[in-house]
Visitor: 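Structure below; questions to follow.
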There are 2 protein chains.
Amino acid sequence: MDNLEKARGGRPRAFDPDRALDAAMHLFWEHGYEATSLAMLREAMGLTPPQIYNAFTDKETLFRKALIRYHQTEIGFALDALSAPVSTREAIRRLLLGAAEAYSRPGKPGGCLFVSGALAASPQAQAIADELKAYRKASEAAIAERLAKGRAAGDLPENLSVEGFAKYLAGVMNGMSIQARDGASVEELRILAQTALAALPAEGQKRGA
Amino acid sequence: MDNLEKARGGRPRAFDPDRALDAAMHLFWEHGYEATSLAMLREAMGLTPPQIYNAFTDKETLFRKALIRYHQTEIGFALDALSAPVSTREAIRRLLLGAAEAYSRPGKPGGCLFVSGALAASPQAQAIADELKAYRKASEAAIAERLAKGRAAGDLPENLSVEGFAKYLAGVMNGMSIQARDGASVEELRILAQTALAALPAEGQKRGA
DNA sequence: CAGGTTTCGTATCGATCACTATGGATAATT
DNA sequence: AATTATCCATAGTGATCGATACGAAACCTG
């Protein structure tokens, strides 16, 4: 049942679950959750329906596992940028420029899976749409946390609204995702990111200064 | 065939096509093109399938007519902002604040139909996705045109990249659409818009000054 | 009123959707 | 070798998809 621990007996699996999950992830990334049919997954993963269902339970579980894999393999730039021991301005710069690169990688679907996966959904897929929304909210919260840290360190003005600015940055990144999907090049996305950086407030005074 | 000109004979239509189109538009806005089924449309429009197909040809044509209606009835703020006889900065301010309001109207789906309608699509619906992309591109082009006018008038620095800045603004609006879909309030969207405005360059010198 | 035209309501159409029942094949365990 | 467990391939499940065939009903023109 679990594809991470070795089975104790029985016929061994004739395919690599991680490779199959990668193929599924890219398909979901390109077409979104609902518009990706089992027939498409079957062909892209090179598997029969029973193989897919035995390994990944059902389409919804497969998608959730694809989200986890996407988070682990495609958007490490975000955590890197937010956790790097650099100034807040530099961290945000790395975040936006990292997104410019990650959203326009050659050979990959444009934009971010968390945005493309299911912006709109049928009532039956509402749970999936909510899951993606939670991912987006978590990203915004991570940005807000970094901004709060920066404000506490004196990198940002004391009166800056951390939540408001995080919502701006998360919004810009979501907008970059759509621009990428519309064919924007990495250079165009970098320019967009640089432009967005201009909204950053000037360095705040250290407390007590 | 055309619902705009009076039929010359035959049994009269038992419903108002514009009201039905409105209902369809809101459903597409909420759930997107593909995730909106005929069954949902039937119920929301209060019509039988033959009534829908007789009046609107097919689902794709219905969606395209919904896009036109959306453009005419929901996002007039954009044309108003870009054509108002005000400074470029004020025009952009009205554009972004207008979006904040339009994307979070009570009783309406959050965000913009041009974004929610089909960010990702199945291969069969690629034409619809392309149509929406064209609408988004047209919006960006309209912004760029206004910026070019402003730069020529001395409202903006001569070295400003009109295309780059238009891509930023269009991206911010798309990002606002997603934030609205994620439940952002009109106040939060206004703050986002105001933040984005901070990236606007200072007024350029009049030529020759 | 007769003829022509369009829309009406009812009852579906074939295609595709996500998903699975069945039984043979291949491994570790005993 | 016998048992047990898992996976494989084939084929097909009911449900829903977008879209229609059919004939009766309701209007305009002559």
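Chain A is the first sequence line, chain B the second, and so forth, proteins listed ahead of strands; every chain is numbered from 1.
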Visitor: Please state how far atom CZ in R13(A) lies from atom C1' in dA25(C), giving the value in whole angstrom units.
Guide: 16 Å

Visitor: Does dC8(C) have OP1 or OP2 under 4.0 Å away from a side-chain N or O of R11(B)?
Guide: no

Visitor: Compare side-chain N and O positions of Q51(A) against OP1 and OP2 of dC7(D) and report whether any pair is under 4.0 Å apart.
Guide: no

Visitor: Please pick, from dC8(D), dA19(D), dT10(C), the nucleotide with the shortest atom-to-atom distance to any side-chain atom of P50(B).
Guide: dT10(C)

Visitor: Does T48(B) or Q124(B) map to a spot on DNA chain C nearer the 5' end, using the closest nucleotide for each?
Guide: T48(B)

Visitor: Measure OH/Y53(B) against C1'/dT12(C) and give the value in whole Å, please.
Guide: 14 Å

Visitor: Give a yes or no on whether the ring-centroid distance for Y70(B) and F114(B) is below 6.0 angstrom.
Guide: yes

Visitor: Using whole Å, what does the distance between atom P of nucleotide dC17(C) and atom CD of E43(A) come to?
Guide: 12 Å

Visitor: Base, sugar-phosphate, or nothing: which does T36(B) touch, judged by heavy atoms less than 4.0 Å apart?
Guide: sugar-phosphate

Visitor: Rounded to whole angstroms, how far apart are CG on L27(B) and P on dG18(D)?
Guide: 11 Å

Visitor: Measure the CG-OH distance between D58(A) and Y53(A) for me, rounded to the nearest 0.5 Å.
Guide: 7.0 Å

Visitor: In this structure, how many angstroms lie between the P atom of dG18(D) and the CD atom of E34(B), rounded?
Guide: 10 Å

Visitor: Checking all strands, does P12(A) fall into the base, sugar-phosphate, or nothing category for heavy-atom contacts under 4.0 angstrom?
Guide: sugar-phosphate

Visitor: First locate atom CH2 of W29(B), then atom OG1 of T36(B), and finally report the distance between them rounded to the nearest 0.5 Å.
Guide: 13.5 Å

Visitor: Starting at CG of N54(B) and ending at P of dA25(D), how long is that distance when rounded to a whole Å?
Guide: 19 Å

Visitor: Is there a donor-acceptor contact under 3.5 Å linking the side chains of E34(A) and Q124(A)?
Guide: no

Visitor: In whole angstrom, what separates E60(B)'s CD from dC17(D)'s P?
Guide: 18 Å

Visitor: Once you round it to whole Å, what is the distance between P of dC17(D) and CG of L38(B)?
Guide: 8 Å

Visitor: Answer yes or no on whether K108(A) is positioned over the face of Y103(A), meaning its NZ or CZ is under 6.0 Å from the six-membered ring centre and within 45° of the axis.
Guide: no

Visitor: Pick the nucleotide of DNA chain D nearest each of S37(B) and P49(A); which residue has the one closer to the 5' end?
Guide: P49(A)

